[in-house]
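Sequence lines set the chain letters: A, B, ... in the order given, protein chains first and strands last, and positions in each chain run from 1.
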Amino acid sequence: MLDYKFIKDNLEAVKANIANRFMQADAEMVVALYDKRNGFIVEIDEQRRLRNENAAKMKGPMDQAARQALIEEGKKIKEEISRLESEAEETLKLLDMEGSKIPNMAHPDAPVGKEDKDNTEIARFGEPTKFPFKAKDHVELMEALDLVDFETAARVSGSKFYYLKNEAVLLEMALTRYALDILQKHGFTLTITPDIAREEILEGTGFNPRGAESNIYALEGTGTCLIGTAEIPLGGYYAGQIVDFSKGPILMAGVSHCFRREAGAAGQYSKGLYRVHQFTKIEMFAFTRAEDSDAMHMKLREIEEEIFRSLGIPFRVVDTCTGDLGAPAYRKFDLEAWMPGRGDEGDWGEITSTSNCTDFQARRLGIRYKNDEGKNVIAHTLNGTAIAISRGLISVIENGQQEDGSIRIPEKLVPYCGFEKIGPR
RNA sequence: GGAGAGGUGUCCGAGUGGCCGAAGGAGCACGCUUGGAAAGCGUGUGUAUCGCAAGGUACCGGGGGUUCGAAUCCCCCCCUCUCCGCCA
């Protein structure tokens, strides 16, 4: 969430930002509600002061009549306070509701635009893989090699679930371990996170656990949800705490399952493993001082590039446009891998994403640090995908396909897999 | 899941209705002392919010309640520990 005082002091900029992001939020209403809430606070505080004063008069011994008069006075104040409090509560609820719709400010260099085609390509590694034969998509390749089973999963769990089978299982483990080794080398603390988190943590991280358009599975009657990404349990790791940056930023890596409802998402571009209800992901998360987050964002992006470059997968990097940022992000870079089986002739498909959320998540999560003046200030948080296994599998398998339907494993991955190729069979 | 014991500031820990934003200690910061350090002595040491400020208000796990007045009494919830049950 954004700071209300900031919204009030920078109303025009906040409104422009909402427009640039094509979001529905009413900054003016937030300011009006904020002022109204502050009015209540002043009134309530004044009444409480009167109450405390009145109560203090009664400390010592005194005659019955005087005491009785003070008690009567106290009762009146009490009623007034509770009347004001119940009125204020409604304003507070509205403020919170409207306030949480206001997105984070965007980086001045983030391209302004509405949808993915407005993203700016800023780097490219390798060139789209060319085959002397008609490329197949990962579904065809994997089903032929008995590496995946969507049909049985649909019967057992529903559509958009899958069983990974045989070498694909080992490939998932190999990609996981490969990414973790790289992250450990870069100083990340490795974790396997809970796959379930409390709703407050979801909300603090900027996810909406409820509503028809929510992408989150809520666990009925528990106040908890299945996580959609390890960003949630990692972001929540220091919730309510004052973190110590004396040894530099805090880097955490999390292995988790990700659960997404993906309600309404369908079509050719969601085929196979591309958009599923459950997958494994290795996530990077960073907590930094305010002045360090831009540099950290570049570092996360470089690590993502390192992982896919070393796997020999062609990809490009895009600077995500304002309309595509999502509420918490200040700036976002996506890596899009070349997927030879995507669409008719292959296409780019998003494989990782790294966001600088500045203090937007940390404000509601209550994550702070002591700055040089010894003041507690809100930390910055960043996240980035090291590798999302399902899409990682797509890129490895589609780019590694051979004419005979076998899959060549990237060289760097061979020691982790224990095999150089899968198939043919 | 059942029974019990707890949750107080950075940490340990006192506090069972008003004198408590909270004793005492540790830690930390600054000063004195020292050749330098340790010890010692002294001083200071939470956060949020409203306000130009003075100052006010709130916060003792969270939320309700009782009361003129709650860290303290009552109810619900969360968490930790011990024992039992169940279980991988």
Side-chain angles (χ1 to χ4, degrees), chain A residues 1-9 30-96 99-100 192-204 209 218-225 232-233 236-247 250 255 257 287 290 359-379:
Chain A
M1 61 183 288
L2 232 44
D3 181 37
Y4 294 138
K5 195 177 248 164
F6 175 88
I7 297 173
K8 184 176 174 172
D9 294 343
V30 170
V31 172
L33 288 165
Y34 176 63
D35 286 341
K36 193 172 173 191
R37 181 202 69 156
N38 289 350
F40 275 120
I41 287 177
V42 170
E43 269 189 272
I44 289 171
D45 281 358
E46 173 65 12
Q47 290 301 315
R48 283 177 177 161
R49 189 182 62 79
L50 292 174
R51 176 196 64 190
N52 292 346
E53 247 173 41
N54 184 260
K57 286 182 198 155
M58 263 180 278
K59 280 183 198 165
M62 63 198 315
D63 72 73
Q64 246 344 288
R67 176 173 294 270
Q68 200 51 47
L70 287 171
I71 287 176
E72 288 310 317
E73 176 63 17
K75 283 187 176 173
K76 254 192 270 170
I77 296 169
K78 188 159 80 161
E79 272 173 37
E80 179 63 8
I81 289 177
S82 78
R83 187 186 66 78
L84 284 168
E85 278 177 341
S86 59
E87 270 185 63
E89 196 184 353
E90 205 167 314
T91 305
L92 213 60
K93 260 191 213 150
L94 283 173
L95 174 62
D96 193 46
S100 64
I192 294 177
T193 73
D195 287 338
I196 288 172
R198 295 182 188 284
E199 282 179 12
E200 310 93 81
I201 301 293
L202 274 280
E203 283 163 2
L219 298 171
E220 197 179 346
T222 64
T224 61
C225 303
I232 294 162
Y237 196 92
Y238 288 106
Q241 296 193 33
I242 294 176
V243 295
D244 177 13
F245 287 142
S246 63
K247 294 188 186 80
I250 294 172
V255 182
H257 293 115
F287 302 87
D359 61 7
F360 191 86
Q361 294 178 320
R363 177 166 295 108
R364 190 176 298 183
L365 289 170
I367 305 169
R368 293 169 304 169
Y369 67 97
K370 287 205 189 296
N371 69 8
D372 293 337
E373 287 110 59
K375 276 214 180 307
N376 288 334
V377 296
I378 298 170

Could you tell me whether A/I192 atom CD1 has more than 12 heavy atoms of other residues or ligands within 6.0 Å of it?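 At most 12 heavy atoms, drawn from other residues, nucleotides or ligands, come within 6.0 Å of this atom.
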A/E90, CD: over 12 other non-hydrogen atoms inside 6.0 angstrom: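 Incorrect, the count does not exceed 12.
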Note, A/R51 side chain near A/K78 side chain (heavy atom, < 4.5 Å):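 No - every pair of side-chain heavy atoms lies 4.5 Å or more apart.
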Quick one: are A/E203 and A/S100 in side-chain contact, heavy atoms under 4.5 Å?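 Counting from C-beta outward, A/E203 and A/S100 never come under 4.5 Å.
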Test your reading of the model: is there a side-chain donor-acceptor pair from A/D195 to the backbone of A/H257, 3.5 Å cut-off?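 It does hold such a pair.
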Just by distance, do the side chain of A/R37 and the backbone of A/L92 share a donor-acceptor pair under 3.5 Å?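 No, A/R37 side chain to A/L92 backbone: no donor-acceptor pair under 3.5 Å.
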What is the base-pairing partner of [N], counting Watson-Crick and G-U wobble geometry with both distances under 3.5 Å?
{"N": "B/A14", "result": "none"}
{"N": "B/U72", "result": "none"}
{"N": "B/U67", "result": "none"}
{"N": "B/C52", "result": "none"}
{"N": "B/G44", "result": "B/C28"}
{"N": "B/G85", "result": "none"}
{"N": "B/A5", "result": "B/U80"}
{"N": "B/A39", "result": "none"}

Distance between [atom1] atoms of [N] and [M] (Å, rounded):
{"N": "B/G13", "M": "B/U8", "atom1": "C1'", "answer": "9 Å"}
{"N": "B/A23", "M": "B/A71", "atom1": "P", "answer": "15 Å"}
{"N": "B/U16", "M": "B/C68", "atom1": "P", "answer": "23 Å"}
{"N": "B/C19", "M": "B/A70", "atom1": "P", "answer": "11 Å"}
{"N": "B/G17", "M": "B/G85", "atom1": "P", "answer": "41 Å"}
{"N": "B/C76", "M": "B/U66", "atom1": "C1'", "answer": "15 Å"}
{"N": "B/C11", "M": "B/C60", "atom1": "P", "answer": "15 Å"}
{"N": "B/U47", "M": "B/A22", "atom1": "C1'", "answer": "14 Å"}

5' precedence on RNA chain B between A/R51 and A/K78 (nearest-nucleotide basis):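 Per heavy-atom nearest nucleotide, the more 5' residue is A/R51.
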Both A/I242 and A/N38 contact RNA chain B. Taking the nearest nucleotide for each, which residue is further toward the 5' end?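 Nearest nucleotide further toward 5': that of A/I242.
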What residues form a salt bridge (charged side-chain N to carboxylate O under 4.0 Å, His left out) with A/E80, not counting sequence neighbours?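 Partners of A/E80 by the salt bridge (charged side-chain N to carboxylate O under 4.0 Å, His left out) criterion, ordered by chain and then number, come out as A/R83.
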Would you classify [X] as touching base, sugar-phosphate or nothing, given that sugar-phosphate means primed atoms plus P, OP1 and OP2, and contacts are heavy atoms under 4.0 Å?
{"X": "A/K76", "result": "nothing"}
{"X": "A/F40", "result": "nothing"}
{"X": "A/K57", "result": "nothing"}

Please find the earliest and latest nucleotides of RNA chain B, in the 5' to 3' direction, that have an atom within less than 4.0 Å of any heavy atom of chain A.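 So the contact region on RNA chain B extends B/G18 to B/C79.
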Could you check whether the rings of A/Y34 and A/Y4 sit parallel, tilted or perpendicular, using 30° and 60° as the cut-offs?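 Tilted: the ring planes of A/Y34 and A/Y4 meet at 30° to 60°.
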